Amino acid sequence: PRDSWKEDQKKLWALKNSSITFIRMREDLLRIVKDRKIPIENLQLPDDPHPSEIRHAILGDLLTPYFLEFIPARKSSGAR
């Protein structure tokens, strides 16, 4: 995670809309990286600043609880 994330956030005009919820993941991401001893260079692609597979997986895990409320619960099929 770049140290300049707050500056990037200020540039996003869409976040100025009060109906948008900003999900803060940076602290949790840094904690997971530290706990799992993941080298920072493994969080982005080698020749591209996009997130690596590892970082995508971590971000997915962090975002999941926020989206579960929007996914309808599946009804049991009753199959035995």
Side-chain angles (χ1 to χ4, degrees):
R2 294 191 310 231
D3 292 331
S4 64
W5 72 272
K6 286 186 180 181
E7 290 301 315
D8 294 339
Q9 179 186 352
K10 290 177 188 174
K11 295 176 188 175
L12 298 173
W13 61 268
L15 293 179
K16 291 176 178 33
N17 181 335
S18 63
S19 67
I20 294 175
T21 301
F22 185 74
I23 301 171
R24 299 184 185 280
M25 300 182 295
R26 189 171 197 277
E27 296 304 317
D28 289 333
L29 175 63
L30 293 173
R31 179 186 46 77
I32 290 168
V33 168
K34 181 180 176 184
D35 291 349
R36 295 183 188 173
K37 297 178 176 65
I38 300 170
I40 294 296
E41 59 271 11
N42 290 0
L43 297 178
Q44 71 181 36
L45 300 175
D47 298 319
D48 188 329
H50 288 88
S52 66
E53 182 178 343
I54 294 168
R55 188 170 179 178
H56 270 112
I58 294 169
L59 294 174
D61 289 345
L62 292 173
L63 287 169
T64 297
Y66 295 96
F67 292 99
L68 285 177
E69 67 180 279
F70 300 106
I71 300 173
R74 293 186 183 190
K75 293 184 180 181
S76 174
S77 65
R80 298 174 202 245

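What you are looking at is a predicted structure, and each value in this text was computed from that prediction instead of being measured. What's counted below: heavy atoms across the whole structure, side chains too, no hydrogens, waters or symmetry copies.
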Hey, what do you get for [atom1] ([X]) to [atom2] ([Y]), rounding to the nearest 0.5 Å?
X: I23; Y: D28; atom1: CD1; atom2: CG; answer: 11.5 Å
X: R36; Y: I58; atom1: CZ; atom2: CD1; answer: 5.0 Å
X: R55; Y: L62; atom1: CZ; atom2: CG; answer: 11.0 Å

Please walk me through it: do K10 and E7 pass side chain to side chain contact (heavy atoms under 4.5 Å, CB included)?
CA-CA 5 Å; K10 290 177 188 174; E7 290 301 315; 3.4 Å; yes
Is there a path of hydrophobic side-chain contacts, each under 4.5 Å between heavy atoms of I/L/V/M/F/W/Y residues, joining [Y] to [X]?
X: Y66; Y: L59; answer: yes
X: I40; Y: I32; answer: yes
X: L29; Y: F67; answer: yes
X: L63; Y: I71; answer: no

Considering all heavy atoms, the nearest I38-N42 contact
CG2-CB, 4.1 Å
Heavy-atom count around E41 CD within 6.0 Å, excluding the residue itself: above 12?
yes
